[in-house]
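Predicted model, so just to flag it, every value in this text is computed and none were measured. Only this structure's heavy atoms are used, side chains among them; waters, hydrogens and symmetry mates stay out. Below, read A as the first sequence line, B as the second, and so on, with proteins coming before strands; counting in each chain starts at 1.
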Amino acid sequence: MSALYVHVPFCVRKCEYCDFYSEAAGERDIERYLDALEREFRLRHESLSPRTLFIGGGTPTRLSAAQLTRLGQTLRRHVDFARLSEFTVEINPGTLDERKAASLADMGVTRASFGVQSFDAGFLKQLGRVYEVGKAESAVGLARGAGIARISMDLMFALPGQTLEHLREDLRRALVLGSEHLSLYALTYEDDTPLTLALQRGEIEPCPEELEREMFSLAGQTCAASGLQRYEVSNFARPGAECVHNLAYWRQDNWRGYGAGAHGMVEGEISENAADHAAYARCLLEENRLPIVRRERLSPAQRAETLLLMGLRLSEGVELAKFERLSGSPFSAVCVESSRALARRGLLELGETHVRCTDEGLLVLDRVILELASELGAGVAR
Amino acid sequence: MPEYDQSRIRNFSIIAHIDHGKSTLADRLLQASTAVDQRKIREQTMDSMDLERERGITIKAKAVALPMVVRGEKYLFNLIDTPGHVDFGYEVSRALAACEGALLLVDTTQGIQAQTVANMYLAMGADLHVIPCANKVDMQASRFEETVKELEQVFGLKAEEVIKCSGKTGFGVEDIIQAAVDRIPQPSGNPDAPLKALIFDAVYDDYRGVVMYVRVRDGFIESRQKIALKATKSQFEVLEVGVVRLGQFIKQDRLDTGCVGYVMCGIKTIQDVGIGDTITLSSNLEQVEALPGYKKPQPMVYAGIYPVNAADFDALRKGLARLSLSDSAFTYAPENSGALGTGFRCGYLGLLHMDIVQERLERESGLDLVQTAPNVSYEVLQTDGSVIRVDSAADMPEITKIQEIREPVARLNVIAPTDCIGDIMKLTIERRGIYENQEHLGADRVMLTYRVPLAEIIFDYFDRLKSITRGYGTMDYEIIGFEPGDLVKLRILVAGEDVDALSMIVHRQFAETRGRKVLVKLREEIPRQLFVISLQAAIGGKIIAGEKISALRKDVLAKCYGGDVSRKRKLLEKQKRGKARMKMIGGVEVPQSAFLSILQVSNEE
């Protein structure tokens with residue numbers, strides 16, 4: 001088992017663009033949630049010896065220092081840390097203090113992923129982020145001070161009203177802080193979020209497509225100049241500093257997920273926990289059973305398709321041998337027409353060991369996948 | 001001895017504009033009938049198909065027999081239903097030909113409407129005695145006096161003839177029943193003459209075969225008779241005759257002179273039975289003269305239907321065959337389209353008929369279908385002097401072989417508020433309409449009459465009329481013949497490939513505008529793809545308009561981690577289904593909607 005994910009579904013408030021499950025909750029909800037998490041580990045009783053551990057949210061640092069320590073104790077009780085090489089926690093810069101940073105370091109956290117999103121007060125307000133400008137720098141300082149050496153930051157671009165200049169400034173400030181890893185996400189308008197509603201009401205103007213493409217390129221160039229390479233659609237790292245945990249998702253290696261709304265996938269079997277933290281806790285603490293709401297075993301064709309839709313996000317692409325192992329057929333045999341047409345348009349490259357998207361292909365990846373998956377589906381149907 | 005003497009029979013229809021209360025009044029007459037079990041009234045229906053009920057339109061005319069007691073005497077009312085839409089004008093005329101009288105029902109909150117006029121003209125043409133009924137007098141908005149004035153002015157009816165009524169409350173229904181007895185003539189005809197009966201409708205029934213609805217003019221018809229149809233000369237043996245009561249076939253020994261009822265001969269296809277045809281005895285088919293007015297139904301509007309998956313072609317053919325069993329006016333023939341593959345060219349009486357057939361087909365066959373934009377039927381005089389019918393722009397001969405293209409022309413009646421005259425004139429002249437007449441109905445309404453090419457009114461004329469008259473305008477039309485026009489074939493090219501399914505015949509004057517608008521519409525309908533798509537409109541080899549659809553430049557999910565996989569897969573499944581429904585033309589994915597979108601393209605700037 002390579003990767004272990006633990007979810008903390010609490011936030012100080014929900015951001016304007018976010019449709020991920022997270023919510024404002026009271027102290028008692030949090031305590032109860034930690035009890036439930038402990039119970040989930042105990043009931044599942046899995047032998048856990050992961051290479052990577054990732055605590056995501058929500059906002060894990062919404063928890064108090066003591067609560068974080070409690071979470072750390074739960075992990076220590078149920079997880080063998082012997083093979084662990086990467087332990088990431090997502091941090092909202094506005095919620096970190098010295099005590100929490102110390103707690104995280106005590107837990108064994110080696111990598112801090114900061115949800116900065118922007119260094120500009122105006123855009124932070126637009127996105128509904130709760131902290132003041134300048135907090136990002138001090139939070140990074142706190143983490144480093146506590147001994148957490150590896151730093152990653154999330155930034156968003158293609159924001160309404162954002163210019164190339166704005167993005168350049170954000171990148172500069174992130175890189176100046178010595179990040180070895182950046183996640184640069186184009187703003188996505190998710191259904192029913194306040195930001196999307198504002199867009200529908202015509203209160204904000206979406207970023208023009210051509211500008212978004214320029215931002216995508218600018219991000220690549222600016223990072224490259226600082227030694228960070230694009231290794232996934234939205235992720236950049238110094239060679240060797242890639243997020244190993246996330247690579248497990250994209251390469252479709254096995255991972256397990258704990259906590260409300262967490263997903264796991266082991267040998268093509270997906271399991272999903274109840275997303276609502278109260279339902280999750282009730283199920284574990286009162287009914288003494290696992291809060292699994294869905295299990296699905298993927299067919300070989302579905303596994304191959306999932307490998308394409310995740311793996312083509314990576315610059316390295318999809319390993320052909322792995323594709324064949326999962327689907328039972330060579331890639332070149334089941335996606336013959338579509339891959340040829342995509343290659344002709346300069347969107348896809350078929351190498352000896354991997355099939356990968358060009359930069360141009362990454363920009364229209366969802367269409368590339370649709371083309372390949374349509375032929376793959378038709379082939380399997382035959 | 002017949003159950004009812006000829007003098008005790010009254011055959012009539014209710015003619016009305018849509019929503020003027022025809023069904024409600026029919027229900028009232030039904031309730032008044034002595035044969036009615038009140039509990040069954042709800043189940044009774046004169047419309048047999050769901051679709052008709054949903055749309056509030058009756059497609060197929062049928063007849064119900066209503067035994068009545070009036071002033072202590074027994075009468076038989078045969079209420080003959082008529083379709084309420086212009087597409088079925090011929091069927092209406094045949095149903096009226098089976099009657100001696102008609103109830104002209106006018107909603108007094110609305111006054112006379114275009115369909116009222118069209119149906120009234122048909123009734124007058126059939127020499128029927130008309131009883132004007134002013135409906136909905138119980139409503140606040142009722143304008144009884146004005147409606148009576150309109151009836152006097154437009155139809156020359158007398159004010160004292162008008163019966164005040166309300167289908168909703170039942171007020172006046174007794175007066176209507178008495179008037180039907182007193183004013184509608186008894187059926188004429190000679191009981192001793194050889195059989196002569198009018199087929200005024202026919203429907204197909206899975207168990208019984210074709211059920212013909214007839215009006216016996218002379219003689220009588222009974223089971224085991226050998227009968228013949230004048231137009232087709234086909235011969236049958238009568239298996240059963242009877243009347244319809246409460247939605248059920250009630251078998252009778254025979255149908256006598258003046259009677260209305262059904263005849264079953266076990267006929268397997270409805271195409272063997274022409275509506276309007278005359279039934280005689282086989283033995284004197286030649287001697288008996290046909291009843292006047294018979295016409296073979298001639299589709300005026302054509303459109304292609306194609307299966308999205310070529311493998312469904314056979315299933316589509318079966319579906320069309322099934323449909324045509326119950327609809328003699330609908331025609332279909334195999335057709336090949338470079339863009340769409342193999343499908344069928346289908347002929348309809350009009351746009352409403354087309355909508356109904358297409359909806360039934362999709363519902364009953366469950367197939368994914370592409371329907372092309374409709375066109376009217378053309379007559380082409382070729383340079384060699386021959387005249388051919390062309391039902392599809394794709395079939396139009398080469399320009400060099402055409403001497404003249406003729407198109408169907410209709411007489412259009414529009415009734416609308418007077419203050420809309422200017423806008424209606426503008427709209428109709430833009431559609432190549434030629435003004436014929438104007439008649440004022442009271443102070444604030446007007447009836448305008450135009451000659452207009454059918455092609456110009458079948459698309460969105462009615463929608464535009466509704467919009468410029470704030471919903472008050474109504475229209476009706478009848479086709480009066482074919483006339484030459486300065487018409488050309490407009491070709492549409494997608495990625496350099498001729499899309500025959502999108503080509504159309506248009507007036508030269510509108511070709512460029514229409515071409516440009518079609519391209520704009522296509523640009524909206526065809527989603528951006530991974531490459532630039534060129535769109536062109538051409539006449540012959542000359543490009544008259546061009547558009548481009550830019551390539552898709554950005555389409556990628558920003559975040560996709562472990563928990564997003566399921567969501568992304570679900571989305572991908574949906575996208576794959578959408579993609580599979582597209583038609584590939586010149587390597588371009590074209591959605592079904594594109595083929596219909598050009599419907600919404602008009603000539604106006």
Side-chain angles (χ1 to χ4, degrees), chain A residues 3 5 7 20-21 54 56 156-158 183-188 209-210 212-213 216 232-234 245-246 248-250 252 255 257 261-265 270 272 294 296 298 302 305-306 309-310 313 341-342 345 347 357 360-371 373-374 376-378, chain B residues 307-312 315 341 367-368 494-497 523-524 526-534 548-592:
Chain A
Y5 177 81
H7 191 67
F20 202 69
Y21 187 77
F54 196 110
M156 296 180 79
F157 69 96
S183 300
L184 304 175
Y185 300 115
L187 174 63
T188 306
E209 188 180 65
E210 285 307 315
E212 191 175 333
R213 281 174 60 93
F216 186 88
E232 192 258 3
V233 172
S234 305
H245 181 86
N246 287 341
Y249 301 138
W250 295 318
Q252 288 289 285
W255 74 88
H263 289 60
M265 199 203 70
I270 294 175
E272 179 183 341
R294 187 172 70 96
E296 184 186 1
L298 299 183
Q302 288 172 322
E305 181 183 278
T306 309
L309 76 86
M310 294 302 277
R313 299 184 65 85
L342 291 165
R345 297 193 193 287
L347 303 173
C357 278
E360 201 55 40
L362 284 183
L363 277 160
V364 288
L365 178 64
D366 289 5
R367 287 299 297 227
V368 169
I369 291 166
L370 177 59
E371 297 294 320
S374 292
L376 182 65
Chain B
V308 170
N309 303 309
D312 290 339
L367 299 173
D368 273 337
V494 172
E497 201 163 300
R523 200 183 55 194
E524 290 166 12
I526 300 175
R528 290 194 302 162
Q529 293 169 33
L530 291 168
F531 46 91
V532 177
I533 301 165
S534 88
K548 276 198 185 339
I549 299 175
S550 60
L552 184 68
R553 302 274 283 161
K554 179 92 177 28
D555 185 14
V556 55
L557 208 57
K559 281 188 184 190
C560 198
Y561 296 98
D564 305 316
V565 175
S566 299
R567 200 163 64 145
K568 172 68 189 165
R569 275 186 44 228
K570 222 180 263 175
L571 182 66
L572 183 59
E573 282 312 313
K574 202 173 131 201
Q575 290 170 329
K576 284 198 307 200
R577 282 197 300 277
K579 185 178 158 73
R581 277 199 297 273
M582 302 266 198
K583 274 283 172 190
M584 291 296 287
I585 294 171
V588 177
E589 290 169 4
V590 182
Q592 287 187 41

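Heavy-atom minimum distance, B:L552 versus A:V364: O-CG1, 3.6 Å. The two residues A:M310 and B:Y561 come nearest to each other via the heavy atoms CE-O, 3.8 Å.
A:L342 contributes atom CG, which lies 6.5 Å from atom CG of B:L530 (distance to the nearest 0.5 angstrom). One finds the OG atom of B:S566 at 8.0 Å from the CG atom of A:L298 (value rounded to the nearest 0.5 Å). Atom CD of residue B:Q575 and atom CD of residue A:E371 lie 10.5 Å apart, to the nearest 0.5 angstrom.
Of the possible donor and acceptor atoms, one in the side chain of A:R313 sits under 3.5 Å from a partner among the backbone N and O of B:A558. A donor-acceptor pair under 3.5 Å is formed between the side chain of A:D366 and the backbone N or O of B:L557. In this structure a side-chain-to-backbone donor-acceptor pair under 3.5 Å is missing from A:W250 to B:G562.
In terms of heavy-atom pairs under 4.5 angstrom with chain A, the leader among B:R569, B:K568, B:R553, B:K559 is B:R553. Per-residue heavy-atom pair counts under 4.5 Å with chain B were compared for A:E272, A:M265, A:E210, and the maximum is reached by A:E210. Counting heavy-atom pairs closer than 4.5 Å to chain B, the top-ranked of the candidates A:I369, A:L184, A:I270, A:L309 is A:L309. Ranked by heavy-atom pairs shorter than 4.5 Å toward chain B, the options A:L363, A:T306, A:L187 are led by A:L363.
A:E305 and B:K576 are joined by a salt bridge, as a carboxylate oxygen and a charged side-chain nitrogen come within less than 4.0 angstrom of each other. Ion pairing between B:K554 and A:E212 holds under the 4.0 Å rule for side-chain N and carboxylate O.
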Would you sort out whether B:R528 and A:E209 count as a side chain to side chain contact (heavy atoms under 4.5 Å, CB included), showing the intermediate values?
CA-CA 13 Å; B:R528 290 194 302 162; A:E209 188 180 65; 2.5 Å; yes
Residue pair A:R367, B:E589: steps toward the salt bridge (charged side-chain N to carboxylate O under 4.0 Å, His left out) verdict:
CA-CA 13 Å; A:R367 287 299 297 227; B:E589 290 169 4; 3.6 Å; yes
A:L365 vs B:D555, side chain to side chain contact (heavy atoms under 4.5 Å, CB included): CA-CA, chis, key distance, verdict:
CA-CA 6 Å; A:L365 178 64; B:D555 185 14; over 6 Å; no
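Put simply, the side chain of B:V556 does not reach to within 4.5 Å of the side chain of A:L362, judged on heavy atoms.
For chain A, no part of B:R577 is nearby; none of its heavy atoms comes within less than 4.5 Å. When heavy atoms are compared at a cutoff of 4.5 Å, A:V233 approaches chain B solely by way of its side chain, counted from C-beta outward.
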